[in-house]
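Proteins come first, then strands; the chains are lettered A, B, ... in the order of their sequence lines, and each starts at number 1. Heavy-atom basis, side chains included; hydrogens, waters and symmetry copies ignored.
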2 protein chains.
Amino acid sequence: MVGIEEVAKLAGVSTATVSRALSGRGHVSPASKAKVEDAATRLGYVVSSNASSLASGRTRNIGVVIPFLNRWFFSSVLEGAQQALLRHGYDLTLYNLAGDGRERSSVFEHFLLRQRVDAVVAVSLELTEHEVQRLHDLGKPLVGVGGPIPGVRTLTIDDVAVARLATEHLIALGHRRIAHIGGDLEFDLDFHLPTNRRLGYEAALRDVGVEPDPRLFAPADFTIAGGYHAAKQLLGVPHDRPTAIFAASDEMAIGSILAARDLGMVVPRDVSIVGIDDYDLSEFFGLSTVAQFPRGQGEKAVEILMEQLEPGPDAAPPAATPLPFELRVRSSTAVPPER
Amino acid sequence: MVGIEEVAKLAGVSTATVSRALSGRGHVSPASKAKVEDAATRLGYVVSSNASSLASGRTRNIGVVIPFLNRWFFSSVLEGAQQALLRHGYDLTLYNLAGDGRERSSVFEHFLLRQRVDAVVAVSLELTEHEVQRLHDLGKPLVGVGGPIPGVRTLTIDDVAVARLATEHLIALGHRRIAHIGGDLEFDLDFHLPTNRRLGYEAALRDVGVEPDPRLFAPADFTIAGGYHAAKQLLGVPHDRPTAIFAASDEMAIGSILAARDLGMVVPRDVSIVGIDDYDLSEFFGLSTVAQFPRGQGEKAVEILMEQLEPGPDAAPPAATPLPFELRVRSSTAVPPER
DNA sequence: TTGAAAGCGCTAACAC
DNA sequence: GTGTTAGCGCTTTCAA
C-alpha cells in the first residue's frame with residue numbers, strides 16, 4: 001500500500017500539497033500539481049477513502065434505499081442514480097428494504113449513523129418523521145424519488161396529469177366507455193399513486209360529461225398477471241363492455257392485451273388499451289402509453305444531492321421542476337368499434 | 001455524534017474495553033460487556049465505520065460489480081447477495097459496469113484500491129488476469145457468479161447439463177425435430193454460455209441418434225422480442241417445421257410462444273416450447289423450463305466470501321458444489337402433433 | 001480481563 | 001502557494 005507520504009517524497013512536496021493537488025481543494029501551483037499527479041500515477045497511489053473520510057468528514061458515498069430491485073421502475077431509477085454518481089466520482093451503497101419493517105429500522109439506525117454516506121436517496125419509501133428528522137439533524141441531505149415525503153425534496157411525476165393525458169388520448173379517439181385498471185388499496189399506502197391516477201382518469205371523463213362508472217374499475221397488483229385477470233373480468237361481460245382500457249401501469253396494460261387476445265378480441269379493433277410507464281416490453285407489444293423516465297429520475301435525484309453537497313457557483317435553489325412525461329401512441333389504441 | 005469515549009465513561013471502563021465488548025474480539029468479562037452494551041444503546045452509539053476501518057483494516061463492506069441492473073438474472077443475483085450481506089452485517093456497494101471499458105477500468109483501479117471493500121463479487125464479468133492479480137495481491141477475496149474466471153472461485157450452473165435436460169424433456173415426449181434458439185456470437189464472448197447450451201442440446205439429440213440440423217438453429221439476443229423474431233423464422237417455414245423449440249432463455253421462449261400464437265399455432269398442441277431460467281413471467285405463460293436460482297447464487301457467493309473473511313471453526317474449504325437446477329414442467333410442452 | 005497509548009492515512013487550520 | 005502539525009475516532013499491541 002503506497003501512501004501519501006511516498007507520493008510527497010517522490011514529488012518533492014509536502015503531504016498537504018499532495019492532498020490539495022489530488023483533491024482539488026485549495027490552491028496549488030500548476031507546476032507542483034503536475035509533479036504530484038505524475039508521482040501519484042507512477043506509484044499507483046489512490047487515496048484511502050477511510051482515512052480521507054475520517055479526516056474530512058466526507059465519504060463521497062451515497063446511500064440508496066429501495067424496496068425492490070427486480071422491477072422495472074426501481075432498477076431503472078437505480079441505474080440512473082448509479083451512473084450519475086459515477087460521473088461525480090461517488091460510490092453508491094445499496095440498501096434493499098424488501099423485507100419487513102424490522103430490517104428497515106436496523107438499516108436506518110445503523111448505516112446512516114455509521115457515517116458511511118454523505119446523503120441518501122429514498123426510492124418509493126415512506127419515511128417516518130423521525131427518520132427524516134434524524135437525517136436532518138446529522139446534516140445529511142435526503143431526496144425522495146417516487147412519492148412525496150413530507151418536508152423533503154421529492155421527485156414524482158404528476159400522476160393526476162399523466163392519467164388524465166392517457167385517458168384524454170382515448171377520449172379524443174372517440175371512446176366514452178373506458179375502463180380503468182388501477183392499484184388496489186395495498187399499493188395506495190405509499191404515496192397514493194393509484195388514487196391519483198384514478199383521479200386523473202375520472203377528471204378527464206367528467207370533462208366530457210361522462211360520469212365514471214364504478215363497474216368499469218378493476219383493481220390489480222401492477223403485474224402482467226394481475227392486469228390479465230382484471231382485464232378478463234372487464235372484457236368478459238356479455239353486454240356493454242368497455243371499448244377501451246386505461247391501465248395504471250404498462251405491465252397491467254400488457255396483461256390486458258393478452259387477456260383481450262385470449263378472449264378472441266383484436267387490439268385495437270375491438271378494444272383500445274393504454275398504459276403508463278413505457279416499460280421495457282411496451283414497444284414490442286405496440287402498447288400506447290404515457291412514458292415516464294425513471295432513469296432520468298434517478299439521475300436527477302443525484303444532481304440535486306450534488307448541488308447540496310458541493311454547491312456550484314450558481315447557487316440556484318433547485319426549483320421544483322416537474323418531471324417530464326410524454327404520450328407515445330403506438331398500435332394498441334384506435335377509434336372505437338362501430339356499433 | 002456520540003463517540004466511544006462517552007460510552008466508555010458512562011460504562012466506567014476504558015475505550016479499549018468498549019471496542020472489545022462491541023466488536024466481539026478479545027475477551028471481556030460478562031459484567032463489563034453488559035455495562036458497555038447498556039451504555040451504548042442508551043447513548044445511541046454506533047461505531048464510525050471510517051475510524052474503525054482505518055484502524056482495523058476491515059471495512060465490512062463488499063463490492064458487487066455487475067453489468068446490468070434491469071435484467072432478471074442480474075437483479076436477482078444482486079438481491080440475493082444484498083440480503084445475505086445484510087444478515088452478516090455487511091454493506092454492499094454497487095458498481096454497475098453497463099458502459100464501455102473505460103468506465104470499467106476506472107472503477108477497478110479506483111474503488112478497489114480506495115480501500116472501500118473487503119472483497120468483491122463479480123457477476124457475469126470477465127476479469128482480466130491483471131485485475132484478478134491486483135485483487136489477489138491486495139488480499140481481497142473475489143468470487144465470480146455466472147461464468148468461470150480463470151483462477152477464481154466461480155459459481156455457474158452447468159450449462160451443458162441444463163440444456164441437455166431441457167432437450168431430453170422434449171425428446172422424452174417424442175419430439176425429434178427440435179429447434180434451438182441460442183445466443184448470438186456477441187453473447188458468447190463472456191463465458192461461452194450460448195455455446196455450452198447449444199452443446200448440451202446437440203449432445204442430447206445425438207444420444208438418440210438425431211444429427212442436429214443447423215437449419216433448426218436461430219440466434220437471438222436473449223430478449224422476448226429477439227425470441228419472437230427467431231421463432232417466427234423457425235416456425236414460418238412451409239415444410240418440415242420443428243415440432244418443438246428449446247430456447248436458451250425463458251425470455252426467448254416466451255417470445256417464441258407469442259410468435260407461435262401469431263402464426264395461428266396453439267402451444268403445446270402444434271409446437272412445444274421449453275426454456276431455461278424460470279423467469280418472472282414464466283409461470284404466467286405456462287412455460288416449461290429448467291429453473292436456475294439466481295437469488296441463491298448471490299447468497300452463496302456471499303457465504304463463500306464470508307467464510308474467507310471470517311473463517312469459522314470448521315475451516316472446510318468450500319467444496320465446488322455444483323449449483324442446483326430443476327426441470328419445471330408446465331403447459332408449454334406436450335407430445336408432438338400426429339403427422 | 002483490563003487500561004494506556006501508539007498509530008491507522010489522511011485533511012485542514014494555521015503560519016509562513 | 002506551501003509546509004507543519006494536530007487531530008479525525010477507533011483498534012490493538014503491550015504491560016499490568
Side-chain angles (χ1 to χ4, degrees), chain A residues 1-37 39-40 43-61 89 110 112-116 118 138-139 309-310, chain B residues 1-37 39-40 43-61 89 110 113-118 138-139 309-310:
Chain A
M1 259 296 307
V2 21
I4 199 173
E5 209 134 343
E6 301 167 57
V7 178
K9 201 167 297 169
L10 181 58
V13 297
S14 71
T15 62
T17 298
V18 173
S19 175
R20 286 189 279 249
L22 261 27
S23 72
R25 349 184 158 264
H27 285 216
V28 185
S29 75
S32 27
K33 179 159 185 190
K35 277 189 299 184
V36 168
E37 282 171 350
L43 295 173
Y45 169 77
V46 181
V47 298
S48 152
S49 61
N50 291 314
S52 171
S53 300
L54 183 56
S56 70
R58 273 175 265 97
T59 65
R60 296 188 75 79
N61 185 32
H110 283 75
L112 292 177
L113 317 175
R114 213 156 16 165
Q115 317 273 300
R116 269 248 159 96
D118 290 340
L138 287 162
L309 291 174
E310 305 178 351
Chain B
M1 258 295 309
V2 22
I4 199 173
E5 208 134 343
E6 301 167 57
V7 178
K9 201 167 297 168
L10 181 57
V13 296
S14 72
T15 61
T17 298
V18 173
S19 174
R20 287 190 278 250
L22 261 27
S23 71
R25 336 181 169 269
H27 286 215
V28 185
S29 74
S32 27
K33 179 160 186 187
K35 279 190 299 184
V36 168
E37 282 170 348
L43 295 173
Y45 170 77
V46 181
V47 297
S48 151
S49 61
N50 290 314
S52 170
S53 300
L54 182 56
S56 69
R58 275 174 263 98
T59 65
R60 298 188 74 79
N61 184 31
H110 283 75
L113 318 172
R114 218 169 354 179
Q115 317 276 302
R116 268 245 160 100
V117 300
D118 289 339
L138 287 162
L309 291 174
E310 305 178 352

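Side-chain atoms of Ser19(A) lie closest to dT11(C) of the nucleotides dG9(D), dT4(D), dT11(C). Here the side chain of Ser29(B) is nearest to one of dT12(D), dT1(C), dG3(C), namely dT1(C). Comparing dT12(D), dG9(D), dT11(C) by their nearest atom to the side chain of Ser56(A) picks out dT11(C).
Counting to the nearest Å, the C1' atom of dG9(D) and the CG atom of Leu43(B) are 15 Å from each other. Between Glu6(A) atom CD and dG9(C) atom P the separation is 10 Å, expressed in whole Å. In this structure, CG of Leu54(A) is placed 10 Å from C1' of dT11(C), rounded to the nearest angstrom. Taking atom CG on Asn50(B) and atom C1' on dC8(D), their separation rounds to 9 Å, with Å as the unit. The interatomic distance linking His27(A) (NE2) with dA13(C) (P) rounds to 15 Å, in whole Å. Taking atom CG of residue Leu22(B) and atom C1' of nucleotide dC10(D), one finds them 12 Å apart after rounding to whole Å. Atom CD1 of Ile4(B) and atom C1' of dC8(C) are 15 Å apart (whole Å).
A heavy-atom distance below 4.5 Å is not found between the side chains of Val47(A) and Ile4(A). Side chains of Val18(B) and Glu6(B) form no contact here, defined as non-hydrogen atoms less than 4.5 Å apart.
When the side-chain nitrogen and oxygen atoms of Arg58(A) are compared with OP1 and OP2 of dA12(C), one or more of them lie within a distance under 4.0 Å. For the OP1/OP2 pair of dG3(D) and a distance below 4.0 Å, the side-chain nitrogens and oxygens of Thr17(A) include at least one atom meeting the criterion. Neither OP1 nor OP2 of dG9(C) sits under 4.0 Å from any side-chain N or O of Ser48(A). Distances shorter than 4.0 Å separate none of the side-chain N or O atoms of Ser52(A) from OP1 or OP2 on dC10(C).
Counting non-hydrogen atoms under 4.0 angstrom, Arg114(A) reaches nothing in the nucleic acid. Looking at heavy-atom distances under 4.0 Å, Arg20(B) makes contact with a base.
Between Ala51(B) and Ala16(A), the residue anchored closer to the 5' end of DNA chain C is Ala51(B), taking for each the nucleotide with the nearest heavy atom. Both Thr15(A) and Pro30(A) lie close to DNA chain D; mapped to their nearest nucleotides by heavy-atom distance, the more 5′-ward contact belongs to Pro30(A). Across the interface with DNA chain C, nearest-nucleotide mapping of Ala55(B) and Val13(B) shows Val13(B) to be the residue nearer the 5′ end.
Checking each of Val7(B), Val36(B), Val28(B) against Val13(B) for a side-chain contact (heavy atoms from CB on, under 4.5 Å) leaves exactly one that passes, namely Val36(B).
For the pair Glu310(A) and Arg60(A), the tightest heavy-atom approach, listed with the atom from each and the gap, is OE2-NH1, 3.3 Å.
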